[in-house]
Amino acid sequence: MFTINHLRIETLKGRILLEDFCFTLNPGDKIALIGEEGNGKSTLLKILAGIDVTDYVRWSGSVYTDEKVAYMPQSLSEEELKTGILDYIDDTDPDYGELYSLAVDLQIDPSLFGNERKMKSLSGGEKVKIALLKLLYEKPDILLLDEPTNDLDLKTLIFLEEFIRQCRQSVLFISHDESLLQNCGTGILHLEQLKRKSEARISFSGENYAEYSAHRRQQIDRTNQIAAKEKAQLHKQMEKYRQIYQKVDHAQKTISRQDPHGGQLLKKKMHAVKALEKNLEIKKERMTKKYEPEEAINIFFEPLQTNPQRIVLDYHWDTLTAGDKILSREISLTVKGRDKIVIIGDNGCGKSTLLKEIRDVLKANESLNVAYMPQNYEDILDNQMTPLDFLSTFESRVKAGLMLGALKYTSEEMNHTIAGLSQGQRCKLLIASLILQKAEVLLLDEPTRNLSPLSNPEVRKILKEYQGCIISVSHDRAFIDDVAEKVYMLDREGLHLIDDTTK
């Protein structure tokens with residue numbers, strides 16, 4: 001259905017994103033495209049969709065299909081957001097019968113087509129469903145979906161999973177949601193940037209995501225075991241060589257001039273020793289190299305002396321409002337020193353608003369050190385600062401640089417403005433700032449939403465091991481399963497505890 005031959009993608013600064021990539025998308029395929037932020041996933045989808053990307057990359061090779069392709073971008077443009085819902089779908093002569101039929105299939109309220117609402121007024125889940133409707137309305141054979149899970153509540157995530165599994169079209173999709181990858185992907189395309197982003201690699205597996213991840217980890221462990229064994233063997237051989245060299249060198253320096261025959265023998269022996277050295281250098285070059293995956297991040301929270309029984313928050317809100325709109329009523333929440341809680345709920349129910357209310361209450365307590373990570377990174381990050389400058393506001397410049405190095409930032413990225421960073425890099429930057437603040441309470445709004453599915457487990461691990469209190473909003477099922485001890489549901493009637501693993 002889709003054939004890619006010898007595709008090469010290079011940034012205008014000369015970094016190779018893809019090299020000699022050949023691939024065929026077959027009927028019924030549901031292929032997940034994964035990799036760290038900035039590795040070219042969205043760029044690849046745009047090229048396949050026929051979108052001009054020459055303002056930031058050069059590419060060569062061929063992309064061929066005689067099927068109809070529909071592309072869903074990561075986010076709507078400002079112009080699209082200002083457009084009415086019906087005009088966004090079809091601004092010419094819409095087929096209302098087809099629209100209503102698709103609306104029923106996609107669980108969309110058909111009354112949305114009959115009002116003057118703009119796309120920007122819809123919730124995240126509603127935007128995704130309308131965008132899918134627009135794609136299906138075009139009757140495509142292939143769907144290219146760039147991060148369709150962003151901003152979705154759990155209910156809509158489950159709907160999207162079912163849609164991808166059941167739709168007749170072949171699908172190539174990007175997602176950070178590990179559950180969706182596992183439940184939908186019939187194969188995995190993995191884009192990597194190795195050796196400090198100096199080497200591009202792409203691999204394909206016909207396994208599901210869990211199988212691919214497990215086999216990849218086994219392969220990495222096996223490679224590194226072999227590399228460690230070869231390194232230890234070479235060390236022993238080099239030590240033996242040094243002992244022989246020192247012995248022969250000493251003999252040459254002390255042999256009597258009256259023993260020319262002995263001198264000739266030692267000279268020959270030194271030639272043999274130097275040949276051994278050359279062989280060892282060749283062996284060193286051919287040794288198995290240790291493989292360090294790009295998602296591996298060596299960061300952690302320092303130990304905290306927190307009292308697990310200390311009451312961090314004990315508060316009641318009569319109403320939760322956004323402007324004049326009442327989102328919820330009679331909310332009560334009590335949180336202790338090492339509680340890890342997650343708040344879930346439908347899009348637009350007020351989860352982020354509640355988290356900001358909690359932040360304001362906790363900030364009033366001067367005895368608490370509280371750190372906050374918003375859903376909108378620009379609320380905290382200054383796009384004109386560099387990552388190094390930003391982290392230096394919390395710690396010394398040296399320690400900030402070490403932290404960024406542990407997060408796989410290159411020197412160029414450390415000193416480039418934040419405006420040039422991907423969303424995933426900004427997310428990691430904020431997580432680094434949480435660590436440097438040494439806070440006792442972390443308030444996290446969708447902390448894993450822009451992390452790759454491979455670096456996500458690394459971040460979940462350090463948050464799970466964190467010895468303070470976490471109050472978070474999340475729709476990430478893996479995050480909820482791994483980190484949350486208590487799960488609350490927010491709706492119009494209040495905040496309800498629906499799961500408590502501490503009991």
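Keep in mind that the numbers below use all heavy atoms, side chains included, and drop hydrogens, waters and symmetry copies.
Contact record, Thr306 with Pro308: O-CD, 3.3 Å, taken as the closest heavy-atom pair. Listed here is the closest heavy atom pair of Met72 and Ala131: CE-CB, 3.9 Å. Taking every heavy atom of both residues into account, Pro457 and Pro453 meet most closely at CD-O, 3.0 Å. Minimum heavy-atom separation, Ala371 to Leu434: CB-CD2, 3.6 Å. A pairwise comparison of heavy atoms in Gly35 and Lys41 identifies O-NZ, 3.0 Å as the closest pair. Considering every non-hydrogen atom in both Ser170 and Pro27, the closest pair reads OG-CA, 3.4 Å.
Between Lys127 atom NZ and Glu80 atom CD the span is 12.0 Å, to the nearest 0.5 Å. Note that OH of Tyr409 is 10.5 Å distant from OG1 of Thr386, once rounded to the nearest 0.5 Å. The structure places CG of Leu160 at 10.5 Å from CZ of Arg165, a figure rounded to the nearest 0.5 Å. Distance check: Phe390 CZ to Leu381 CG gives 5.0 Å after rounding to the nearest 0.5 Å. His475 contributes atom NE2, which lies 11.0 Å from atom OG1 of Thr448 (distance to the nearest 0.5 angstrom). Taking CG of Leu442 as the start and CD1 of Ile431 as the end, the distance is 10.0 Å to the nearest 0.5 Å.
When side chains are defined from C-beta on, Thr319 does not count as touching Leu327, because their heavy atoms never get closer than 4.5 Å. Considering only heavy atoms from C-beta on, Leu463 comes within 4.5 Å of Phe301 through its side chain. Contact of the Trp317 side chain with the Val361 side chain is registered, since non-hydrogen atoms from C-beta on lie closer than 4.5 Å. Residues Ile188 and Ile31 are not in side-chain contact: their nearest non-hydrogen atoms beyond the backbone lie 4.5 Å or more apart. Side-chain contact between Leu191 and Ile34: absent, with no pair of heavy atoms (C-beta onward) separated by less than 4.5 Å.
Heavy atoms of other residues, nucleotides or ligands lying less than 6.0 angstrom from CD of Glu330 number more than 12. Few gaps surround CD on Glu211; more than 12 heavy atoms of other groups in view lie less than 6.0 Å from it. Within a 6.0 Å radius of CG in Asp324, no more than 12 heavy atoms belonging to other residues, nucleotides or ligands are found. Few gaps surround CG on Asp87; more than 12 heavy atoms of other groups in view lie less than 6.0 Å from it. For Arg310, the CZ atom sits in a packed shell: over 12 heavy atoms of surrounding residues, nucleotides or ligands are nearer than 6.0 Å. Within a 6.0 Å radius of NZ in Lys155, no more than 12 heavy atoms belonging to other residues, nucleotides or ligands are found. Other residues, nucleotides and ligands contribute more than 12 heavy atoms inside 6.0 Å of the CZ atom of Phe204.
Side-chain atoms of Ser455 do not come within 3.5 Å of backbone N or O of Leu451 as any donor-acceptor pair. Side-chain atoms of His176 come within 3.5 Å of backbone atoms of Arg449 as a donor-acceptor pair (strictly under, hydrogens ignored). Although no hydrogens or angles enter the test, the distance criterion places a donor-acceptor pair under 3.5 Å between the side chain of Gln182 and the main chain of Ala210. Judged purely by atom type and a 3.5 angstrom limit, Lys68 has no side-chain atom pairing as donor or acceptor with the backbone of Asp141. Asp177 contributes a side-chain N or O that, together with a main-chain N or O of Ser179, makes up a donor-acceptor pair within less than 3.5 Å. Checked by atom type and distance alone, the side chain of Arg338 pairs as donor or acceptor with a backbone atom of Gln467 at under 3.5 Å. Side chain of Ser328 to backbone of Asp491: a donor-acceptor contact under 3.5 angstrom is found. Side-chain N or O atoms of Asp346 include none that pairs as donor or acceptor with a backbone N or O of Cys349 at under 3.5 Å. Judged by distance alone, with hydrogens and angles left aside, the side-chain atoms of Lys438 form no donor-acceptor pair with the main-chain N or O of Asn369 at under 3.5 Å. With Asn224 contributing its side chain and Asp221 its backbone, the two residues share no donor-acceptor pair below 3.5 Å.
Each of Glu413, Glu292, Glu36 was scored for a salt bridge (Lys or Arg N to Asp or Glu O under 4.0 Å) with Lys408, with one residue passing: Glu292.
A salt bridge is defined here as a Lys NZ or Arg NE, NH1 or NH2 lying under 4.0 Å from an Asp or Glu carboxylate O, and Lys120 with Glu78 fails to meet this definition. A salt bridge is absent between Glu126 and Lys129: the closest approach of a Lys/Arg side-chain nitrogen to an acidic carboxylate oxygen does not fall below 4.0 angstrom. Between Glu458 and Lys428 there is no salt bridge, since no side-chain N of the basic residue sits under 4.0 Å from a carboxylate O of the acidic one.
For the 3.5 Å distance criterion, the side chains of Thr92 and Asp90 qualify, holding a donor opposite an acceptor. Using a 3.5 Å distance cut-off with no hydrogens or angles, the side chains of Asp445 and Ser352 do pair a donor with an acceptor. Defined by atom type and a distance below 3.5 Å, a donor-acceptor pair is missing between the side-chain atoms of Ser203 and His190. Using modelled atom types and a 3.5 Å distance limit, the side chains of Glu207 and Ser205 yield a donor-acceptor pair. Glu98 and Ser101 share no side-chain donor-acceptor pair at under 3.5 Å. Between the side chains of Ser121 and Arg117, at least one donor N or O lies within less than 3.5 Å of an accepting N or O. Residues Asn450 and Tyr377 bring a donor and an acceptor atom of their side chains to less than 3.5 Å of each other. With hydrogens and angles left out, the side-chain atoms of Tyr56 and Thr43 include a donor and acceptor closer than 3.5 Å.
Taking the six-membered ring for Trp and the full ring otherwise, Tyr100 and Phe113 have centroids separated by under 6.0 Å.
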Q. Does the salt bridge (Lys or Arg N to Asp or Glu O under 4.0 Å) test come out yes or no for Arg477 and Glu161, once each step is laid out?
A. CA-CA 13 Å; Arg477 287 162 286 181; Glu161 274 186 9; 2.8 Å; yes
Q: Under the side-chain hydrogen bond (donor to acceptor under 3.5 Å, both in side chains) rule, what do Ser474 and Asp476 come out as? Steps first, then yes or no, please.
A: CA-CA 5 Å; Ser474 182; Asp476 182 341; 5.2 Å; no
(Q) Between Lys464 and Asp482, does the salt bridge (Lys or Arg N to Asp or Glu O under 4.0 Å) criterion hold? Intermediate values first, please. (A) CA-CA 7 Å; Lys464 184 176 182 178; Asp482 286 358; 5.7 Å; no
Q) Passes salt bridge (Lys or Arg N to Asp or Glu O under 4.0 Å), Arg329 versus Asp318? Steps please. A) CA-CA 6 Å; Arg329 301 177 184 273; Asp318 293 330; over 6 Å; no
Q | Test side chain to side chain contact (heavy atoms under 4.5 Å, CB included) applied to Glu485 and Ile341, step by step | A | CA-CA 6 Å; Glu485 298 169 344; Ile341 76 169; over 6 Å; no
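Geometric assessment of Arg359 against the ring of Tyr372 yields a positive cation-pi assignment under the 6.0 Å and 45° thresholds. Relative to the ring axis of Tyr71, Lys46 does not place its NZ or CZ within 45° and under 6.0 Å from the centre. Cation-pi geometry between Lys340 and Tyr466 is not satisfied (NZ or CZ under 6.0 Å from the ring centre, within 45° of the ring normal).
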